[in-house]
Amino acid sequence: MQMSNVKFKIARLLEGVIGRRNLVRTGRFLLDYARRDLPNNLASNGEWMVQETVLKYSVTPKMVIVDVGANVGLWSQHILELAITKNYDVELHAFEPSYLTFQKLVENLSLFQGDNIHLINSAISDKEGTGTLFKAHELAGSNSLYDAGQENYNLKKETIKLERLDDYCRRQGVTYIDLLKLDVEGHDFIVLDSIKDLLVDHMIQVVQFEYNHRWVSSRHFLRDVFELLIPFGYRIGKVTPNAIEWYENWSSELETFREANYIGALEDPKKWFSSMKWWSVNSNS
């Protein structure tokens with residue numbers, strides 16, 4: 001097909017100037033920016049905004065925060081610092097399966113003491129028992145229950161403890177979760193699907209989960225989350241630095257496997273967040 005279109009002519013001209021590789025990288029950068037698929041930096045990707053919003057507007061006397069895939073505790077540390085600064089009553093449950101990473105988590109949260117801090121050396125999954133954690137290196141945030149294949153050919157293995165979140169909540173007497181954060185490197189949908197009883201009963205008001213290329217290894221799609229959460233009354237949106245980009249329904253345009261954080265929120269908590277229109281629905285913002 002002859003490139004007669006003006007856009008193709010411009011693209012071909014740019015390719016001639018900067019080369020095909022740089023053209024791809026530039027195009028990917030611009031597309032990621034436009035879609036708000038931004039670098040996974042806690043301080044700038046909108047995760048702090050989610051924390052601040054939930055703490056500000058939740059009306060439960062003691063807010064229950066659950067951090068699944070806590071790694072070394074930076075996310076948990078920030079929300080505990082916020083709670084102290086704003087005088088919020090928060091109860092934290094943080095799960096990290098890797099032994100050495102868990103020791104670092106305990107160290108980083110050692111300043112926060114009391115009966116309201118629960119640190120658990122296990123992974124949340126759809127069953128209880130043991131599993132294998134594939135590790136790029138110790139303390140890595142990319143350590144996963146999935147062997148991603150060729151890109152991770154030097155992975156080390158660690159046997160870890162698995163447990164179900166619904167069983168844990170029953171044992172601990174947790175009846176309501178204000179904010180559930182999932183960062184489990186491709187295992188996010190498995191966790192969500194395993195807590196359907198909590199979701200259908202609206203025991204969780206906001207859930208944040210990470211979506212990235214590791215979902216390929218678990219054989220799941222973002223579409224699966226829409227099909228799971230929407231019938232339970234949750235709305236789904238992407239976390240951006242200053243607002244949530246909400247979606248009425250799943251679209252193939254969303255299935256990029258580019259790293260981003262999403263939230264599912266019940267109708268009332270959804271109103272707490274600043275919103276931005278999705279670019280695909282005639283938005284100029």
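For reference, positions follow the sequence shown, starting with 1.
A heavy-atom distance below 4.5 Å is found between the side chains of Trp75 and Glu47. Using a 4.5 Å heavy-atom cutoff, the side chains of Thr101 and Val72 are in contact. Under the 4.5 Å side-chain criterion, counting only non-hydrogen atoms from C-beta, Leu180 is not in contact with Val206. Under the 4.5 Å side-chain criterion, counting only non-hydrogen atoms from C-beta, Asp147 is in contact with Leu155.
Under the 4.5 Å side-chain heavy-atom criterion for ILVMFWY residues, a single connected hydrophobic cluster contains both Tyr168 and Leu182.
For Ser58 against Gln205, the heavy-atom pair with the smallest separation is OG-NE2, 3.0 Å. The minimum heavy-atom distance linking Cys169 with Ile177 is given by the pair SG-CD1, 4.1 Å. Nearest heavy atoms, Leu23 versus Ala11: CD2-O, 3.8 Å. In this structure, His187 and Ser125 approach most closely via the heavy-atom pair NE2-OG, 2.8 Å. Minimum interatomic distance between Tyr211 and Trp215 (heavy atoms only, all atoms of both residues): CA-NE1, 3.5 Å. Across all their heavy atoms, Pro241 and Ser44 have their closest contact at CG-O, 3.4 Å.
Side chain of Tyr99 to main chain of Thr159: no donor-acceptor pair is present (N/O by atom type, distance under 3.5 Å, no hydrogens or angles). One N or O on the side chain of Asn22 and one on the backbone of Ile18 form a donor-acceptor pair closer than 3.5 Å. Between the Ser218 side chain and the Gly186 main chain, a donor and an acceptor come within less than 3.5 Å of each other. The main-chain N or O of Val239 is never found under 3.5 Å from a side-chain atom of Tyr262 such that the two would form a donor-acceptor pair. Checking side-chain atoms of Lys238 against main-chain N and O of Arg35 turns up a donor-acceptor pair under 3.5 Å. At least one donor-acceptor pair closer than 3.5 Å links the side chain of Asp188 to the backbone N or O of Glu210. Judged purely by atom type and a 3.5 angstrom limit, Asp201 has no side-chain atom pairing as donor or acceptor with the backbone of Met203.
No side-chain donor from either of Glu245 and Thr240 sits under 3.5 Å from a side-chain acceptor of the other. Of the N and O atoms on the side chains of Trp278 and Glu253, not one donor lies less than 3.5 Å from an acceptor on the other residue. One side chain, Gln51 or His78, offers a donor N or O that lies under 3.5 Å from an acceptor on the other. Residues Asn45 and Asn40 bring a donor and an acceptor atom of their side chains to less than 3.5 Å of each other.
Geometrically, Arg25 does not engage Phe29 in a cation-pi contact defined by less than 6.0 Å to the ring centre and at most 45° from the axis. In this structure, Lys56 is not positioned above the aromatic face of Trp272 in the sense of NZ or CZ being under 6.0 Å from the six-membered ring centre and within 45° of the axis.
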Checking Asn108 against Gln77 for the side chain to side chain donor-acceptor pair (under 3.5 Å) test, could you report, in this order, the C-alpha distance in whole Å, the side-chain angles of both residues, the deciding distance, and whether it holds?
CA-CA 7 Å; Asn108 286 343; Gln77 181 178 343; 5.1 Å; no

Does the side chain to side chain donor-acceptor pair (under 3.5 Å) test come out yes or no for His93 and Gln172, once each step is laid out?
CA-CA 10 Å; His93 302 259; Gln172 295 295 318; 5.3 Å; no

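For the atom pair CG (Asp268) and NE2 (His202), the distance works out to 10.5 Å, reported to the nearest 0.5 Å. The NZ atom of Lys127 sits 10.0 Å away from atom CD1 of Ile190, with the distance rounded to the nearest 0.5 Å. In this structure, Thr60 OG1 and Glu91 CD are separated by 10.5 Å, a value rounded to the nearest 0.5 Å. Residue Asn242 holds its CG atom at 13.5 Å from CZ of Phe273, rounded to the nearest 0.5 Å. Here the CD1-CG distance, from Ile236 to Asn249, works out to 9.5 Å after rounding to the nearest 0.5 Å.
Relative ring orientation between Phe226 and Tyr247 is described as tilted, the plane-to-plane angle lying within the 30° to 60° band.
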Would you tabulate the side-chain donor-acceptor contacts of residues 130-145 under 3.5 Å, counting partners in other chains and residues two or more places apart, or write 'none'?
residue, atom, partner, partner atom, Å
Lys135, NZ, Glu138, OE1, 3.3
Lys135, NZ, Glu138, OE2, 2.8
Lys135, NZ, Glu158, OE1, 3.0
Asn143, OD1, Ala136, N, 2.9
Asn143, ND2, His137, O, 3.1
Asn143, ND2, Ala140, O, 3.3
Ser144, OG, Tyr146, N, 3.0
Ser144, OG, Glu185, O, 2.9

With a cut-off of 3.5 Å and sequence neighbours excluded, list every side-chain donor-acceptor pair involving residues 109-121.
residue, atom, partner, partner atom, Å
Ser110, OG, Glu107, O, 2.8
Gln113, NE2, Ser110, O, 3.0
Asn116, ND2, Val90, O, 2.8
His118, NE2, Asp115, O, 3.0
Asn121, ND2, Glu96, O, 2.9
Asn121, ND2, Pro97, O, 3.0

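Only one option out of Val50, Val66, Asp67 pairs with Leu179 in a side chain to side chain contact (heavy atoms under 4.5 Å, CB included); it is Val50. Shown are Arg171, Arg164, Lys161; of these, the salt bridge (Lys or Arg N to Asp or Glu O under 4.0 Å) with Glu128 is made only by Arg171. Screening Ile263, Leu228, Ile204 for a side chain to side chain contact (heavy atoms under 4.5 Å, CB included) with Tyr234, the sole residue that qualifies is Ile204.
We find that Arg223 and Glu227 are joined by a salt bridge, their nearest charged nitrogen and carboxylate oxygen being less than 4.0 Å apart.
Not less than 6.0 angstrom separates the ring centroid of Phe189 from the ring centroid of Phe221.
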